[in-house]
Amino acid sequence: MNKETTSTNNLTSDCDVLVIGGGPAGSTAAALLAERGYAVTLLEKAHHPRFHIGESLIPANLPLLEKLGVPDEIRAIGMEKWGAEFVSPWHDNKQVYEFAGAIDKSMPMAYQVRRSEFDEILIRNASRKNARVVEGCQVQDVAFLDGDSGVVVKASHDDGSIETVRARFILDASGRDTFLGNQFKAKKRNKKHNSAAIYGHFSGVDRHEGKAAGNITLYWFDHGWFWLIPLADGTTSIGVVVWPYYLKTRNKKPLALFLQETIAMCIPLSERLKNATLTSAVEATGNFSYQCDRSHGRNYLLLGDAYTFIDPVFSSGVLLAMKSAFVGADTVDQCLSHPKQAKAALKKFDKSMKVGPKEFSWFIYRITNPALRDLFMAPRNLFRVKEGVLSVLAGDVFGPTKISGPLRIFRFIYNVNSLFNVKRTFKAWKMRKYNIRQIDDSIIESPDPII
Ligand SMILES: Cc1cc2nc3c(=O)[nH]c(=O)nc-3n(C[C@H](O)[C@H](O)[C@H](O)COP(=O)(O)OP(=O)(O)OC[C@H]3O[C@@H](n4cnc5c(N)ncnc54)[C@H](O)[C@@H]3O)c2cc1C
C-alpha cells in the first residue's frame, strides 16, 4: 500500500514503484504494475488534459491498448487510420500503403488521436487501477540509496509544497525532458541524424473520401517532409520536419508565418490547405534525436522518450513508449519479486529497448535519399518485400512476425539501386552529412514574440 504522512506543507510517502511522468509510457507502466498489486506513485508535472504532439498511432499500438483495457475509449476519440500516403515532388504518382497488406493481416488499422484526450484516458486508467496519480507535481531530485535500498525522490507541487517519496524502484518516463538521462549525463545526441519540427492545428483542410479520410499523408519537399494528420473532430495536424539549418533561416520571423511560408513551398499540400485556418499556437522543437547511454540500473529503468527519441516519420513514438512500459512492467515485477532473476530481466529489457529504434532507424536515415524514395514510390512485392516494409510501417517489429527475410531483400535491392546510381548516391550521402550538422537549438525553439 502507498503510505503517506504529512507535516505542515510537506508530504512524505512510501511506495514500491515511483513513476516520473504521466505520458503514454508512464501511465501504461503505472497501470500494469498497480494491477499486479504494487503500490505505485505516478508524479506528473502537468495537469491532464494537456497538449502533446505525436498524434498518429500505428496498428501495433492497438493490441497494447486492448491489454490495458481501454480500446473502446480510444475508439470513441480516434479517427480511423487505414494507411499512409506518400507524395513526392520527384515522382508523378502518389503512393498509398494500406496496413492490411502487411505480413500479419490481423492489424489492418490504427487511429489518429488528439494527444490531450489519448493521454488523459491512459492516466485516468492508471488511477482506476489504483496507482496514486499526482498531477501538478514535478520531480526535482532523485537520490539512489546504497545497495538495494531504493531511491528517495523529491518533488514540488504547484502550490510550492514539497513531497518526498521513498520507493523500491523508479521508472523514468519523463519524455524528452529525460530526467535521469540528464542527472546521469547519459543523454547523447544521435550523430547519425538531426532534424527539427514546426507544427500547428488547422481547420478546413481538404480530406480524402471514404476510408482514406483518416490516412496520414507525408509530403516530401526540398528541406525535409510534412505530415498531415486528420483528427476526429475535423481538425488537422500539420507539421514539417526539416534539417535544422532550414529552421535557422526563420531568424526572428513569427513561427506561424514561417510555417505558412514553408507550406507554400509544397504545392500539393498548399492545395489541401487552400480553405484552411490556423486554430492553434504554432510550436517548434529542435535537437530531435538522442539516446541515453544506458536503459537501466539496478533499481531504475528509462522508458519511452526518456531513453531515446528517433524521428517521427514512421509515427513510432507512442508505440515504442507503450511497448517499453509493457516490457518494463514485467522487468520491475521480476526484479522486485524474484531478485535473483533481476540481472537476466534487466538484460532482456535492454535488448528489447533497442529493437524498435534499430528497425525504424534504418529507414529514417535513408528516407530523404532518392534511392529509397524511388523504392517507396514504386513498391513491388517481390519476395514479400512490400509486405515486410508495411509490417515496419505497422510497427510489427517485436516478433513473432517474420520480417527479417523480406527486409534483408529490401536492403539488398536498395543497395543495388544505389550502386546503379553511384553519382546520385554519393551526392545524397554528402548532402545528408552536411544537413545533419549540429546548430544552435535555442534559435529553433524560441517562441513567437508576444504581441
Ligand atoms: C514533432 C513530433 C512529432 C511526433 N509525431 C508522432 C506521431 O505522429 N506518432 C507517434 O507515435 N509519436 C510521435 N511523436 C513522438 C511521441 O510524441 C513520443 O514518442 C511519445 O509522446 C513518448 O511518450 P512518453 O510517455 O515517453 O513521453 P511524453 O509523452 O513526453 O510524456 C512525458 C510526461 O512526463 C512529464 N514530465 C516530464 N518531466 C517531469 C518531471 N520532472 N516530473 C514530473 N513529470 C514530468 C511530462 O509533463 C509528460 O506528460 C512525435 C514527436 C515529435 C517531437
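Quick note: residue numbers are just sequence positions, from 1. In each ligand, atom 1 is the first atom listed, and ligand 1 is the first ligand listed. Computed from heavy atoms alone, side chains included, the values below leave out hydrogens, waters and symmetry copies.
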Asks: Are His157 and Val134 side-chain neighbours, meaning at least one heavy-atom pair lies under 4.5 Å?
Replies: yes
Asks: List the closest protein heavy-atom neighbour of atom 4 (C) of ligand 1: residue, atom name, distance to the nearest 0.1 Å.
Replies: Pro312 CB, 3.4 Å
Asks: Between the side chain of Lys81 and the main-chain N/O of Leu57, is any donor-acceptor distance below 3.5 Å?
Replies: yes
Asks: Any nitrogen or oxygen of Ser315 lying under 3.5 Å from a nitrogen or oxygen in ligand 1? Just yes or no.
Replies: yes
Asks: Below 4.0 angstrom from a heavy atom of Ala25, which ligand 1 atoms are there? Numbered from 1 as shown, please.
Replies: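 Here the atoms of ligand 1 in question are 25 (O), 26 (O).
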Asks: Counting N and O atoms only, with roles assigned by atom type, does the side chain of Asp16 sit under 3.5 Å from a partner on the main chain of Val40, one being a donor and the other an acceptor?
Replies: no
Asks: Could you list which atoms of ligand 1 come closer than 4.0 Å to a heavy atom of Glu55?
Replies: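 In order of number, 7 (C), 8 (O).
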Asks: Check the pair Phe226 / Met265 against side chain to side chain contact (heavy atoms under 4.5 Å, CB included), numbers first and verdict last.
Replies: CA-CA 11 Å; Phe226 290 90; Met265 294 178 191; 5.7 Å; no
Asks: Against ligand 1, does Arg50 come closer than 4.0 Å with any heavy atom?
Replies: yes
Asks: What residue and atom, counting heavy atoms only, is the protein's closest point to atom 31 (O) of ligand 1, and at what distance?
Replies: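 Nearest protein contact, heavy atoms only, for atom 31 (O) of ligand 1 is Gly23 CA, 3.4 Å.
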Asks: What class does the angle between the rings of Tyr97 and Phe86 fall in, given that below 30° is parallel, 30 to 60° is tilted and above 60° is perpendicular?
Replies: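 The arrangement is perpendicular - the two ring planes meet at more than 60°.
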Asks: Taking N or O atoms only and a 3.5 Å limit, does Asp177 qualify as a polar contact for ligand 1?
Replies: yes
Asks: Tell me which protein heavy atom sits closest to atom 51 (C) of ligand 1, plus the residue, atom name and distance to 0.1 Å.
Replies: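 Nearest protein contact, heavy atoms only, for atom 51 (C) of ligand 1 is Phe309 CZ, 3.5 Å.
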Asks: Considering Asp305, Val19, Val313, which one's heavy-atom position lies nearest to atom 22 (C) of ligand 1?
Replies: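 Heavy atom nearest to atom 22 (C) of ligand 1 belongs to Asp305.
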Asks: Heavy-atom contacts with Ser174 under 4.0 Å: which atoms of ligand 1 show up? List them by number with element.
Replies: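 Per the distance check, 32 (C), 34 (O), 37 (C), 38 (N).
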Asks: Check whether any side-chain heavy atom of Lys323 sits under 4.5 Å from a side-chain heavy atom of Val355, and report yes or no.
Replies: no
Asks: Between ligand 1 and Ala197, is the shortest N or O to N or O distance under 3.5 Å?
Replies: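 No, Ala197 has no N/O under 3.5 Å of an N/O on ligand 1.
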Asks: Which atoms from ligand 1 have a heavy atom of Ser56 less than 4.0 Å away?
Replies: 7 (C), 8 (O), 9 (N), 10 (C), 11 (O)
Asks: Any chance you could measure Thr178, atom OG1, to Asp172, atom CG, to the nearest 0.5 Å?
Replies: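 If we round to the nearest 0.5 Å, Thr178:OG1 and Asp172:CG are 7.5 Å apart.
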Asks: In the protein, which heavy atom is nearest to atom 34 (O) of ligand 1, and how far is it?
Replies: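 Checking every protein heavy atom, the shortest distance to atom 34 (O) of ligand 1 gives Gly21 CA, 3.2 Å.
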Asks: Among all the protein's non-hydrogen atoms, which is closest to atom 42 (N) of ligand 1, and how far away is it?
Replies: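 Answer for atom 42 (N) of ligand 1: Val139 N, 3.0 Å.
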Asks: Report, in ascending order of atom number, the atoms of ligand 1 lying under 4.0 Å from any heavy atom of Gly317.
Replies: 10 (C), 11 (O), 12 (N), 15 (C), 19 (O)
Asks: Could you tell me whether ligand 1 has any atom less than 4.0 Å away from a heavy atom of Ile20?
Replies: yes
Asks: Flag Ile53 as yes when one of its N or O atoms lies below 3.5 Å from any N or O atom of ligand 1, and as no otherwise.
Replies: yes
Asks: Is the side chain of Arg366 donor-acceptor paired with the backbone N or O of Trp362 at a distance under 3.5 Å, no angle test?
Replies: yes
Asks: With a 4.5 Å cut-off on side-chain heavy atoms, are Ile170 and Val153 touching?
Replies: yes
Asks: For Leu346, does its backbone N or O pair with a side-chain atom of Thr331 as donor and acceptor, under 3.5 Å?
Replies: no
Asks: Which residue, Phe349, Phe169, Tyr307, Phe144, forms the ring-ring contact (aromatic ring centres under 6.0 Å, His included) with Tyr300?
Replies: Phe144
Asks: Numbering the atoms of ligand 1 from 1, which are under 4.0 Å from a heavy atom of Phe179?
Replies: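 Result: 41 (N).
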Asks: Mind checking whether Arg176 has an N or O less than 3.5 Å away from an N or O of ligand 1?
Replies: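 No - when backbone and side-chain N and O of Arg176 are compared with those of ligand 1, no distance drops under 3.5 Å.
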Asks: How close does the nearest protein non-hydrogen atom get to atom 16 (C) of ligand 1, and which residue and atom is it?
Replies: Arg115 NH1, 3.8 Å
Asks: Which of parallel (below 30°), tilted (30 to 60°) and perpendicular (above 60°) describes His193 and Tyr365?
Replies: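 Tilted: the ring planes of His193 and Tyr365 meet at 30° to 60°.
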Asks: Decide, yes or no, whether a salt bridge links Glu387 with Lys105 under the criterion of side-chain N to carboxylate O below 4.0 Å.
Replies: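 Looking at Glu387 and Lys105, the cut-off is met.
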Asks: Give the single entry among Gly22, Gly175, Ala155, Ala29 that approaches atom 27 (O) of ligand 1 most closely by any heavy atom.
Replies: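 Going through Gly22, Gly175, Ala155, Ala29 one by one, Gly175 has the nearest heavy atom to atom 27 (O) of ligand 1.
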Asks: Say whether Ser324 and ligand 1 are in contact under the criterion: heavy-atom distance to a ligand atom below 4.0 Å.
Replies: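 It does not; every heavy atom stays at 4.0 Å or beyond.
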Asks: To the nearest 0.1 Å, how far is atom 48 (C) of ligand 1 from its closest protein heavy atom, and which atom is that?
Replies: Glu44 OE1, 3.5 Å
Asks: Pick, from Ala325, Gly304, Gly395, Gly54, the option with the minimum heavy-atom distance to atom 14 (N) of ligand 1.
Replies: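 Considering heavy atoms of Ala325, Gly304, Gly395, Gly54, the nearest to atom 14 (N) of ligand 1 sits in Gly54.
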Asks: Below 3.5 Å, N or O to N or O, backbone or side chain included: is there any such pair between His52 and ligand 1?
Replies: yes
Asks: I need the single residue from Tyr246, Phe258, Trp243 that forms a ring-ring contact (aromatic ring centres under 6.0 Å, His included) with His223. Which is it?
Replies: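 The single option meeting the ring-ring contact (aromatic ring centres under 6.0 Å, His included) with His223 is Tyr246.
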Asks: I'd like to know if Arg124 pairs up with Glu135 as an ion pair, taking the criterion as any Lys NZ or Arg NE/NH1/NH2 lying under 4.0 Å from an Asp or Glu carboxylate oxygen.
Replies: yes
Asks: Do side-chain atoms of Asp104 reach the backbone of Ser106 as a donor and acceptor pair under 3.5 angstrom?
Replies: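 Yes.
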Asks: Report, in ascending order of atom number, the atoms of ligand 1 lying under 4.0 Å from any heavy atom of Ala173.
Replies: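 What qualifies from ligand 1 is 32 (C), 33 (C), 34 (O).
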Asks: Does ligand 1 have any atom that is closer than 4.0 Å to a heavy atom of Pro24?
Replies: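 It does, in that a heavy atom of Pro24 comes within the 4.0 Å cut-off of ligand 1.
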Asks: What's the shortest distance from atom 11 (O) of ligand 1 to any protein heavy atom, and which residue and atom give it?
Replies: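 Atom 11 (O) of ligand 1 sits closest to the protein heavy atom Val318 N, 2.8 Å.
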